[in-house]
2 protein chains.
Amino acid sequence: MIYGHQIRSALMSMSDISNTEGIPLYVKIRESLRQQIASGELERGQKLPSEDELATKFGVSRMTVRQGTSDLIDDGLLYRRHGVGTFVTLPHIERDHSRLTNFFENSNMHGIHAKASILEFEVIHATPKIAQALLLELDEFVIHIKTLRQADDVMVTLHDAYIPHRLFSEVIQEELPDFDVQHLWSKFEKKGYPVKQAVQKIEARLADQELAKVMHIQAGAPILFKERTVYAEDGTPVEFTYCFNRGDMYSLTVTLNR
Amino acid sequence: MIYGHQIRSALMSMSDISNTEGIPLYVKIRESLRQQIASGELERGQKLPSEDELATKFGVSRMTVRQGTSDLIDDGLLYRRHGVGTFVTLPHIERDHSRLTNFFENSNMHGIHAKASILEFEVIHATPKIAQALLLELDEFVIHIKTLRQADDVMVTLHDAYIPHRLFSEVIQEELPDFDVQHLWSKFEKKGYPVKQAVQKIEARLADQELAKVMHIQAGAPILFKERTVYAEDGTPVEFTYCFNRGDMYSLTVTLNR
DNA sequence: GAGTGGTCTAGACCACCCG
DNA sequence: GGGTGGTCTAGACCACTCG
């Protein structure tokens with residue numbers, strides 16, 4: 001996981017996995033296999049060599065091979081059948097759609113120019129709903145950041161974020177007045193709360209007068225509404241958001257596993 | 001994974017993991033820990049004993065302990081910090097919301113009475129869109145099943161499913177005329193295509209006249225629209241659906257991981 | 001430096017699938 | 001019966017964190 005991006009798409013032949021650098025063997029094996037699948041050298045639906053063969057070929061123990069292939073199974077690129085073998089999945093549905101990204105990362109991934117303008121920035125008392133989501137007392141403060149977000153200069157989202165004041169006031173206020181919403185999550189990480197997971201509820205709604213005015217759409221237009229709680233590695237909730245997306249400009253794709 | 005449901009919630013003390021039954025040791029360890037977390041014996045945020053200690057306590061090797069705890073990390077119940085320890089996550093956001101379920105399983109889980117009535121059942125040529133999703137030729141046949149679905153006697157969803165005729169015609173037609181839509185996925189499994197994953201696109205739309213009439217709602221009412229492709233273990237697409245959900249009656253919750 | 005998780009080995013036996 | 005993945009061992013050394 002840690003090393004994934006470093007050598008993703010690195011070119012390596014099956015036999016060359018000398019541990020010259022500080023990269024774990026199972027990561028090299030994993031990326032070697034990933035590259036062979038991407039290049040078509042290993043065809044979709046094809047059976048891999050057995051774990052024993054791979055171990056011999058890579059010059060490692062079988063457990064190390066399994067550690068590499070297990071990652072690719074999690075990624076949806078391989079699957080195992082007990083007593084039969086390990087296979088490459090067909091149109092290999094990668095797990096990217098179930099990865100947590102923020103608006104800006106997601107836009108960049110798709111070559112879209114994303115922009116956010118801050119409409120409100122205030123410190124308020126948590127509402128019951130927000131306090132519950134963020135595990136705060138009712139009288140605790142939260143930082144409220146309301147932004148309007150554009151993709152390729154089209155307004156697509158009105159975003160209300162609420163952040164525990166107790167945890168992040170310093171790291172956020174030290175950047176004022178030119179606060180950079182794009183890298184909010186890195187502020188969380190800086191305080192020891194790396195973002196790990198989000199739970200989001202999705203609904204279809206209609207735009208009311210107020211929302212319509214702000215987003216320059218018709219009242220009654222379809223809105224994809226999202227309510228999201230973001231959690232850090234240890235399970236601490238770090239952000240709660242209401243998110244109003246233009247129905248005609250925005251769709252959401254997710255991958256679910258059984 | 002295979003054994004999970006069998007002994008989930010089984011009561012086991014930390015020291016009692018004799019391999020009397022055919023249950024793998026790492027599953028027993030995993031479920032023992034899971035149970036200790038659920039019961040509060042292991043508090044949230046608390047540090048687990050080290051892997052060496054657990055190995056000694058359970059009388060297994062360290063690798064076996066890791067195999068058990070790794071599963072719980074995937075489930076979001078634990079997290080590791082290199083050089084520090086393994087910890088219980090706080091409000092432990094379990095992964096249930098990112099699990100693929102069908103309408104009926106999902107309803108049962110929440111104690112809702114679900115019902116489906118079949119509106120259409122036909123064999124047609126695949127449209128370009130459907131052929132692309134199901135990896136079929138344009139002239140290939142698909143089975144189209146249109147159903148209206150109720151939760152606690154309220155109409156919530158209009159569901160259009162398309163299934164490759166070539167793969168599943170026998171197993172579906174042998175049940176006619178009383179076809180049981182609830183267990184469609186078990187038919188796929190019977191033919192060697194266990195359902196593994198789904199990719200779904202979610203949009204907010206408005207009900208048009210036709211949809212409004214069928215679902216007994218107003219034209220212009222909000223609709224949560226879902227387009228979903230379901231894949232088997234080996235990556236074969238087995239089902240493509242259009243899904244129109246009443247916006248005021250239906251919401252979707254998903255978990256995303258970073 | 002002590003304690004922890006991260007990686008890795010070189011075997012072993014079992015359970016499953018298929019011809 | 002032969003080949004495969006599933007489980008498991010009893011060690012080893014490294015990398016990281018913290019006091």
Side-chain angles (χ1 to χ4, degrees), chain A residues 1-4 6-7 17-33 46-74 77-89 189 192 194 233-234, chain B residues 1-4 6-7 17-33 46-74 77-89 189 192 194 233-234:
Chain A
M1 317 229 180
I2 303 162
Y3 305 86
Q6 295 173 21
I7 59 168
I17 25 175
S18 49
N19 201 343
T20 45
E21 309 155 59
I23 298 174
L25 295 172
Y26 78 90
V27 174
K28 295 188 174 187
I29 293 167
R30 184 184 70 201
E31 297 309 318
S32 168
L33 290 173
Q46 187 182 330
K47 186 171 153 320
L48 256 62
S50 73
E51 294 178 347
D52 272 329
E53 286 181 70
L54 287 174
T56 305
K57 184 136 47 181
F58 284 116
V60 301
S61 76
R62 196 180 140 212
M63 286 297 269
T64 303
V65 169
R66 278 180 74 80
Q67 202 171 354
T69 53
S70 293
D71 283 354
L72 295 177
I73 286 167
D74 286 344
L77 252 62
L78 300 178
Y79 67 98
R80 295 196 188 109
R81 277 184 186 270
H82 193 176
V84 186
T86 305
F87 301 83
V88 183
T89 53
E189 185 165 7
E233 178 187 63
D234 69 348
Chain B
M1 317 230 176
I2 304 164
Y3 307 85
Q6 295 173 21
I7 60 167
I17 24 174
S18 48
N19 200 341
T20 44
E21 308 155 60
I23 297 173
L25 295 172
Y26 78 91
V27 174
K28 294 188 175 188
I29 292 167
R30 184 184 73 200
E31 297 309 317
S32 168
L33 290 172
Q46 186 181 329
K47 186 171 153 318
L48 256 61
S50 74
E51 295 178 346
D52 271 330
E53 285 180 72
L54 286 174
T56 305
K57 185 136 47 181
F58 284 118
V60 301
S61 77
R62 196 180 140 214
M63 287 297 268
T64 303
V65 169
R66 278 181 72 80
Q67 202 172 353
T69 53
S70 292
D71 283 353
L72 295 177
I73 286 167
D74 287 343
L77 252 62
L78 301 179
Y79 67 99
R80 295 194 188 111
R81 277 184 186 271
H82 193 175
V84 187
T86 305
F87 301 84
V88 183
T89 53
E189 185 164 8
E233 177 187 64
D234 68 349

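It should be emphasised that the depicted structure is a prediction, and the values quoted were computed from it without experimental measurement. Just the heavy atoms: all of them, side chains too, but no hydrogens, waters or symmetry mates, feed the values below. Lettering of chains follows the sequences in order, A, B, ..., and the numbering in each one begins at 1.
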Notebook entry, point to check: With respect to the phosphate group of D/dG6, does any side-chain polar atom (N or O) of A/R66 fall under 4.0 Å of OP1 or OP2?
Noted result: yes
Notebook entry, point to check: Does B/L72 reach the side chain of B/L33, with side-chain heavy atoms less than 4.5 Å apart?
Noted result: yes
Check: Contact class for A/R81 (heavy atom, under 4.0 Å): base, sugar-phosphate, or nothing?
Finding: sugar-phosphate
Notebook entry, point to check: Starting at CG of B/D52 and ending at P of D/dC13, how long is that distance when rounded to a whole Å?
Noted result: 14 Å
Note to self: Starting the side chain at C-beta, find the nucleotide from D/dG6, C/dT4, D/dT9 nearest to A/E51.
What the structure shows: D/dG6
Next item on the list: Provide, to the nearest angstrom, the distance between the CZ atom belonging to A/R80 and the C1' atom belonging to D/dG5.
Entry: 7 Å
Check: At under 4.0 Å, does any side-chain N or O of B/T86 touch on OP1 or OP2 of C/dG5?
Finding: yes
Check: Is there side-chain contact between B/D71 and B/Y26, with heavy atoms separated by less than 4.5 Å?
Finding: yes
Margin query: Let's go through B/L78 and B/V88 carefully: what are the C-alpha distance in whole Å and the side-chain angles of both, what is the deciding distance for side-chain contact (heavy atoms from CB on, under 4.5 Å) to 0.1 Å, and is it a yes or a no?
Written below: CA-CA 5 Å; B/L78 301 179; B/V88 183; 4.0 Å; yes
Expected rows: protein N/O vs nucleotides 17-19 of chain C N/O, under 3.5 Å:
none

Notebook entry, point to check: Considering the options A/Q67, A/E51, A/E53, which one meets the side chain to side chain contact (heavy atoms under 4.5 Å, CB included) requirement together with A/R62?
Noted result: A/E51
Next item on the list: Decide yes or no for A/L48 and A/L54: does some side-chain heavy atom of the first lie under 4.5 Å from some side-chain heavy atom of the second?
Entry: yes
Checklist line | Closest contact, heavy atoms only, B/S61 versus B/A55 | finding: C-CB, 3.9 Å
Item checked: Interatomic distance, A/Q67 CD vs D/dG5 C1' [rounded to whole Å] -> 17 Å
Next item on the list: Find which nucleotide of DNA chain C each of B/L48 and A/V65 is nearest to by heavy atoms, and output the residue with the more 5' nucleotide.
Entry: B/L48
Margin query: To check you understand the geometry: which heavy-atom pair defines the closest contact between A/G192 and B/R81, and what is its length?
Written below: O-NH2, 3.8 Å
Notebook entry, point to check: Does any N or O in the side chain of A/T89 come within less than 3.5 Å of the main-chain N or O of A/L77, such that one atom is a donor and the other an acceptor?
Noted result: yes
Next item on the list: Take A/R80 and A/S70, measure what side-chain hydrogen bond (donor to acceptor under 3.5 Å, both in side chains) needs, and give me the verdict at the end.
Entry: CA-CA 9 Å; A/R80 295 196 188 109; A/S70 293; 3.0 Å; yes
Note to self: Check this one for me: any side-chain N or O of B/T64 less than 4.0 Å away from OP1 or OP2 of D/dT7?
What the structure shows: no
Any N/O pairs under 3.5 Å between the protein and nucleotides 10-12 of chain C? List them or say none.
{"from": "C/dA12", "atom 1": "N6", "to": "A/R62", "atom 2": "NH1", "distance (Å)": "3.3"}

Next item on the list: Starting from P on D/dG6, measure out to CG on A/L78 and report it in whole angstrom.
Entry: 12 Å
